[in-house]
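Working notes for the structure below.
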Amino acid sequence: MQKNLVIVESPAKAKTIEKFLGKDYKVLSSYGHIRDLKRKEFSIDIAKNFTPDYEIPEDKKELVEKLKAEAKKADVVWLASDEDREGEAIAWHLFEVLKLKPEQTKRIVFHEITKTAILKAIENPREIDINLVNAQQARRILDRIVGFELSPVLWKKVKPALSAGRVQSVAVRLIVEREREIQAFNTEASYRVTAVFLVPEEDGKTVEMKAELARRLKTKEEAKAFLESCKNASFTIEDIVKRPVKKSPAAPFTTSTLQQEAARKLGYTVAQTMMLAQKLYEAGLITYMRTDSVNLSEYATEGSKQAIIGMMGERYVYSRHFTTKTKGAQEAHEAIRPTYMENASVDASAQEKRLYDLIWKRTIASQMADAELEKTTATIGISTNDDTFTATGEVITFDGFLRIYKESYDDDNEQEDESRLLPPLKKGQVLDYTDIVATERFTQRPSRYTEASLVRKLEELGIGRPSTYAPTISTIQQREYVEKGDKPGEERSFNKLTLKDKAISDETHTEVVGAEKSKLLPTDIGTVVNDFLNEYFSKILDYNFTADIEKKFDEVADGDQQWTTIMKNFYKGFHPSVETTLATKTEHKVGERILGEEPKTGKVVSVKIGRFGPVVQIGSTDSEDKPRFARLEKGYSMETITLEEALGLFKLPRTVGEYEGKPVTIGSGRFGPYIRHNDTFNSLPKGVDPMEVSLEECIEIINNKREAEAKRHIKQFAEEPELEILNGRYGPYIAYKGSNYKIPKDVVPQDLNLKTCLDIVKLQSEKAATPKKPRASKKK
DNA sequence: CAGTGAGCGAGCTTCCGCTTGACTT
């Protein structure tokens, strides 16, 4: 007979807690929410005060049955989900679904998973906070209304299977607007002047010292005049200022900052980071990885302190308590930190190790002393004018936390290295120069978002939660609103004036600027959808929408406001805009652009979003003959394509000749240009121009493919024609009755006989045949 | 993967936030 049942959200947490609580407690996990609005239906009865229609999803039914059975057996059920809006709702759904009785149910919360914290929580149970639950219901229902009313508008007006939502649509807006800012950006040039002075040292040698003119010069004439004035000038040190500077460590990791630093320092995508962190968490090596809190438990600060003293001594310790500044943070967990601070490294995969190392260092550094630096600024006067040069140097007098960890920034490569030391200088000292250079510099356009910098921006706006940053980024890419890609830089020439040996030289140099790798770029579809939503649903796309509505959810949580009132007010404004948008008949399709006329026929040439993406169309539907279509190939965008380029897309398919009595044609399909011959399709390799490719080249490609196809079949057995050894993308494998089986590495596939093949099949199908319920999601 | 698309027609697509699986031929 079980006395106590404790339910938490995560199974890893359950395992740990069970150890602390002993025999009288059974600890199970709910695996997050156990009930939600129906997946495929609207599930909200607007007329009945927004009554939600909840259901237990298919893949949760077995679990819920188990929880029900265990709850029945227990005297007391402790609902120990997280202490935030979602956690409270999970507790409430459990209470409802498991049909718990109030007198047998206790709601408890704890912020750290230690024995004392949990025992303390058990001593201080409370009841479910229905206001907090209602705030969650309001959040959930509002998101469903927005998503399920807006998306169908897009299906009708733009393209089927698109989506819109409170979070994803704003994420897309950020990316589209950044792209527009970049297009509209005007660079301004100015001249930056640097000088190299010679400073004599005590031993008679001289060292070079770099200095920069305190202001920038606007024009080439101005720069030239300035250098001219320096020709016969003398340079004197007018002032030397030394001042101490302190640097403090960054706060411990939250989900968002971990994603950013792992991207900058380790090159991980946000999804990768989360996957590795999950592994570390499940292995008990780090605390929970989805958090917006920078708080460390006392256990962690104490552990850090001991580790720092042990490694570096007392002087390096400085206990700090960080507080969250993030909008809408709910702080149900600790910051992300190592479970045990004494573990400087762990036994895990190479990638996991690197992530752990980052987390360990960041945590330790957050509990370390400030770094102390001495910054020296020398001002150098010019005898012939009022301008001054400044030389700066920096020395670290005490490394403090920098000994362990230095935070990275997105524009690190742009930053000048100031960590150099100035040579010994005296006030009044006169210096010679070796050269003075005026270089033309340009203002920089904003840079495109990376996955991680988009996460940072979303968090700053209070949009999205730690558990959704990675999924949101994947959604907007799946919908093809955004794609990750590179932008080549542009060549730009700049002017450089050098004063050396009392002569001024004038040179033009070139540089490549603005090259970007793995950035988020808006697609045509993303741009069209964004502009459409922004025009008709500007309120939802407003960067402050989430923050404003969150304030109202907080009022609900505090009991100052009915959740249904919030919904009524929102719906009153929102729903009519959906109705009118649907009713609005427009002459042109959303995003359509007329390019001109086809010279031969005079038919209208336009670009628009078709059923399968952006297309060029010649002719209209109301004319007698059907319009012709061509996909927009990569490299073209609806906003910039010209009439000539658009017409060029209709040059395919073209016939290049005949081979084996059958025509060879070049076409352009969903996956790029291809050669069609005798009902076979052969992709054209990259770099081959589909307009220029010759018949001979095509024949070679066709034959190569045939050869590869022939090599695909390694072996087959007369006794069992259904079994084949094939060569695939991942090497040789066995294909048998519609399934594929891996061939062990130490086996030469040619040497396999039928029996060993069947053994492999048998072995692997047994392994795979863990009798789990079939996956709910079906693939098309 | 599959190389399509103005209308005969049915039915489908979609949100955000909480969790971890089952897949890697």
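Letters A, B, ... mirror the listed sequences (proteins, then strands); counts begin at 1. Every value quoted in this text rests on a predicted model; they were computed, and no experiment measured them.
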Just call it for [X]: base, sugar-phosphate, or nothing, with non-hydrogen atoms closer than 4.0 Å on any strand.
X: G464(A); result: sugar-phosphate
X: R631(A); result: base
X: A164(A); result: sugar-phosphate
X: L150(A); result: nothing
X: P152(A); result: base
X: V167(A); result: sugar-phosphate
X: G610(A); result: base
X: G32(A); result: base
X: K608(A); result: base
X: Q136(A); result: nothing

Reported NZ-to-CG distance for the pair K539(A) and N544(A), which is rounded to 0.5 angstrom: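 Here the interatomic distance stands at 12.0 Å.
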Quick check for you: to the nearest 0.5 Å, what is the distance between L132(A) atom CG and Q137(A) atom CD?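 Output value for this atom pair is 11.0 Å.
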Side-chain N or O of [X] less than 4.0 angstrom from OP1 or OP2 on [N]?
X: Q168(A); N: dC15(B); result: yes
X: S151(A); N: dC15(B); result: no
X: R166(A); N: dG17(B); result: yes
X: Q617(A); N: dG5(B); result: no
X: R139(A); N: dC15(B); result: no
X: T468(A); N: dG17(B); result: yes
X: S10(A); N: dT20(B); result: yes

For Y543(A), is the NZ or CZ atom of R173(A) found under 6.0 angstrom from the centre of its six-membered ring and inside 45 degrees of the ring axis?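 Geometry flag: set, cation within 6.0 Å and 45°.
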F148(A) ring centre to R144(A) NZ or CZ under 6.0 Å, with the angle to the axis within 45°?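 R144(A) over F148(A) ring: yes.
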Looking at the base of dC16(B), is there any donor atom on it, or on the side chain of R465(A), that sits under 3.5 Å from an acceptor on the other one?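 Side chain to base: no pair below 3.5 Å.
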Can you check the [X] [atom1] to [N] [atom2] distance for me, whole Å?
X: R290(A); N: dC18(B); atom1: CZ; atom2: C1'; answer: 8 Å
X: R611(A); N: dA2(B); atom1: CZ; atom2: P; answer: 15 Å
X: I549(A); N: dC16(B); atom1: CD1; atom2: C1'; answer: 14 Å
X: R144(A); N: dG17(B); atom1: CZ; atom2: C1'; answer: 12 Å
X: L37(A); N: dC18(B); atom1: CG; atom2: P; answer: 15 Å
X: D59(A); N: dC18(B); atom1: CG; atom2: P; answer: 18 Å
X: K38(A); N: dC15(B); atom1: NZ; atom2: P; answer: 19 Å
X: I56(A); N: dC18(B); atom1: CD1; atom2: C1'; answer: 16 Å

Which nucleotide in the set [options] lies at the smallest distance from any side-chain heavy atom of [X]?
X: Y281(A); options: dC16(B), dT20(B), dT14(B); value: dT20(B)
X: S467(A); options: dT14(B), dG5(B), dT19(B); value: dT19(B)
X: T475(A); options: dC15(B), dT14(B), dT19(B); value: dC15(B)

Quick check, does F148(A) stack with dT14(B)? I mean ring centres under 5.5 Å and planes off by under 30°.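 Stacking between F148(A) and dT14(B): present.
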Planes under 30° and centres closer than 5.5 Å, is that true for F612(A) with the base of dG5(B)?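 By the stated criterion, F612(A) and dG5(B) do not stack.
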Closest nucleotide of DNA chain B for R140(A) versus for Y288(A): which of these residues is on the 5' side?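 Between the two, 5'-proximity favours R140(A).
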Quick one: on DNA chain B, does E282(A) or R35(A) contact a more 5' nucleotide (nearest heavy atom)?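 On the 5' side of the pair lies R35(A).
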Measure up the F532(A) and Y536(A) rings against each other and bin them: parallel (under 30°), tilted (30 to 60°), perpendicular (over 60°).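 The rings of F532(A) and Y536(A) sit tilted, inter-plane angle from 30° to 60°.
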Side-chain contact test, heavy atoms from C-beta onward, threshold under 4.5 Å: evaluate it for Y481(A) versus N530(A) and give yes or no.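 SC-SC contact between Y481(A) and N530(A) ruled out.
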Please map the stems of DNA chain B, keeping only stretches of three or more Watson-Crick or G-U wobble pairs with both distances under 3.5 angstrom.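 Stem list for DNA chain B: empty.
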Under 4.0 Å between a Lys/Arg side-chain N and an Asp/Glu carboxylate O for E550(A) and R85(A)?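 Here E550(A) pairs with R85(A) in a salt bridge, since their nearest N and O are under 4.0 Å apart.
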Run H111(A) and E334(A) through side chain to side chain donor-acceptor pair (under 3.5 Å) and show every step you take. CA-CA 7 Å; H111(A) 301 106; E334(A) 262 190 86; over 6 Å; no
Pairs touching residues 151-160 of chain A that satisfy side chain to side chain donor-acceptor pair (under 3.5 Å), sequence neighbours left out: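 Found none.
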Separation between the C1' atoms of dT24(B) and dA2(B), rounded to whole Å: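 About 23 Å, rounded to a whole number of Å.
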Using atom types as modelled, flag every donor-acceptor pair under 3.5 Å from a side chain in residues 609-618 of chain A to any protein atom, sequence neighbours excluded.
{"from": "Q617(A)", "atom 1": "OE1", "to": "K608(A)", "atom 2": "NZ", "distance (Å)": "3.0"}
{"from": "Q617(A)", "atom 1": "NE2", "to": "G619(A)", "atom 2": "O", "distance (Å)": "2.9"}

